Trainee: 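This is the structure, below, for whatever I ask next.
As the structure is a computational prediction, the values presented were derived from the model and not from experiment.
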Amino acid sequence: MSDFFDSSFGLARHYSLRSPLTYLGDAIFDVRLALSARLARVKADQSPKYRVLIVGVEVPSRAGQLGKIAERMSKSRHDVDVSILPMKPQGKFANVDEAISKAPRPLSDYDWLVITDDDVAFREGFLDSYLALAGAAELDISQPAHRFASYASYQLTRRRYGSLVRSSRFIEIGPITVLAARTFNQLIPFPSSRWCYGIDLLWSALTMRNDWRMGVVDAAPIRHLSPVAQSYDKTEAFAEGKRLLEHFEVALSRADVLKAEPMIQA
């Protein structure tokens, strides 16, 4: 049995997001990236041009917000399609599956799938920077690092000083998750789940079984603008997550997947 829902190992430190020191820390890390010759070389490489699908589920109380996020993200040198659907009373990934099915082209036509929530902030050119780094590192399942001024759940996903990309054994199901084409057949459609807890740990297990590459992209960080899991009781979500892991015979511990891994230095 996995201890993933019975342990607090690896949780992120809770920062005061309005603290001047938090923003100073992000500024110092940004300066280090701006001085990176390696990052400049990666971003200057204009090949290949990818086919990208951005999908998301619109929350009724924030109508229009996700469209703005997708519009900003899709300003890119790549060939980008967007598929956004209104939320239905089902799990996040059941909604995402529907959004994928409504995309302009079949999923098999795309090189990357970007799943985004509507409560994120990022800099202009985010998608180009992100895919240049994820492509160079040959990542199959990845996410952008969290800035210090961001609501993060795990210390692993906080940005690291002087890092462009880090290998990892764990990637969250949000707020932005990026999947490469060779994972599509095994990950999609996603497992049936109301709360979606445990799906990220299933990804960890599948990554190990399939020799995929999983990682955190530090040089394209984001801000998550909302606290996680504030609108529901997590008891039922944890119970569902345990059942999902039992069903797929995933027994990884938090220590297995949340430990530090090698990084590509700036």
Trainee: CG of Asp128 to NZ of Lys49: how many Å apart, nearest 0.5 Å?
Mentor: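 These two atoms lie 10.0 Å from each other.
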
Trainee: In chain order, what residues pass the ring-ring contact (aromatic ring centres under 6.0 Å, His included) check against Phe29, with sequence neighbours excluded?
Mentor: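 For Phe29, the residues satisfying ring-ring contact (aromatic ring centres under 6.0 Å, His included) (neighbours in sequence not counted) are Phe148, Tyr161.
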
Trainee: Can you confirm whether Arg209 is buried at CZ, in the sense that more than 12 heavy atoms of other residues, nucleotides or ligands lie under 6.0 Å from that atom?
Mentor: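 Count over threshold, so yes.
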
Trainee: Quick one: sort the His224 and His146 rings into parallel, tilted or perpendicular, breaks at 30° and 60°.
Mentor: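 His224 and His146: tilted rings.
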
Trainee: List, one per line, each side-chain donor-acceptor pair under 3.5 Å for residues 80-88, sequence neighbours excluded.
Mentor:
unit_1 : atom_1 : unit_2 : atom_2 : d
Asp81  : OD2    : Arg105 : NE     : 3.1
Asp81  : OD2    : Arg105 : NH2    : 3.1
Asp81  : OD2    : Tyr110 : OH     : 2.6
Ser83  : OG     : Ala99  : O      : 2.5
Lys88  : NZ     : Glu98  : OE1    : 2.9

Trainee: Under a 4.0 Å N-O cut-off, is there an ion pair linking Arg62 with Asp117?
Mentor: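 No, this pair does not count.
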
Trainee: Is it the case that over 12 heavy atoms from other parts of the model lie below 6.0 angstrom from the CZ atom of Arg123?
Mentor: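 Open.
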
Trainee: Salt bridge or not between Asp109 and Arg51? Use side-chain N to carboxylate O under 4.0 Å.
Mentor: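 Arg51 and Asp109: not salt-bridged.
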
Trainee: Only one of Val217, Val52, Asp111 forms a side chain to side chain contact (heavy atoms under 4.5 Å, CB included) with Leu131, so which one is it?
Mentor: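 Single side chain to side chain contact (heavy atoms under 4.5 Å, CB included) partner of Leu131 among Val217, Val52, Asp111: Val52.
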
Trainee: According to ring pair (Phe, Tyr, Trp, His ring centres under 6.0 Å), does anything in residues 58-87 pair up with another residue at least two apart or in another chain? List the pairs.
Mentor: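 Only Tyr50-His78 qualify under ring pair (Phe, Tyr, Trp, His ring centres under 6.0 Å).
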
Trainee: Distance under 6.0 Å and angle within 45° of the ring axis: does Arg72 meet both against Phe126?
Mentor: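 The answer is no, since Arg72 fails at least one limit relative to Phe126.
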
Trainee: Got a list of side-chain donor-acceptor pairs under 3.5 Å for residues 239-246, not counting sequence neighbours?
Mentor:
unit_1 : atom_1 : unit_2 : atom_2 : d
Glu240 : OE1    : Ser193 : OG     : 3.0
Glu240 : OE1    : Arg194 : N      : 3.4
Glu240 : OE1    : Trp195 : N      : 2.8
Glu240 : OE2    : Arg194 : N      : 2.8
Lys242 : NZ     : Asp6   : OD1    : 3.0

Trainee: Can you tell me how far the OG1 atom of Thr207 sits from the CD1 atom of Ile141, to the nearest 0.5 Å?
Mentor: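 Reported value, rounded in 0.5 Å steps: 3.5 Å.
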
Trainee: Mind checking the CG-OG spacing from Leu258 to Ser204? Nearest 0.5 Å is all I need.
Mentor: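 Result: 8.0 Å between the selected atoms.
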
Trainee: Filter on ring pair (Phe, Tyr, Trp, His ring centres under 6.0 Å), then keep only pairs touching residues 244-266, sequence neighbours left out; what's left?
Mentor: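 Listed by first then second residue: nothing to list.
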
Trainee: For Gln90, look at atom CD and say whether over 12 heavy atoms of other residues, nucleotides or ligands are found less than 6.0 Å away.
Mentor: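 More than 12 heavy atoms, drawn from other residues, nucleotides or ligands, come within 6.0 Å of this atom.
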
Trainee: Roughly how far, to the nearest 0.5 Å, is the CZ atom of Phe170 from the CG atom of Leu201?
Mentor: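 So the CG of Leu201 and the CZ of Phe170 are separated by 7.0 Å.
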
Trainee: Determine which pairs satisfy side chain to side chain donor-acceptor pair (under 3.5 Å) with at least one residue from residues 251-266, sequence neighbours left out, and list them in order.
Mentor: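 Non-adjacent pairs meeting side chain to side chain donor-acceptor pair (under 3.5 Å): Arg169-Glu261, Ser253-Asp256.
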
Trainee: Taking atom CG as the centre, does Asp45 end up with more than 12 heavy-atom neighbours from other residues, nucleotides or ligands that are less than 6.0 angstrom away?
Mentor: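 It does: Asp45 CG has more than 12 such atoms within range.
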
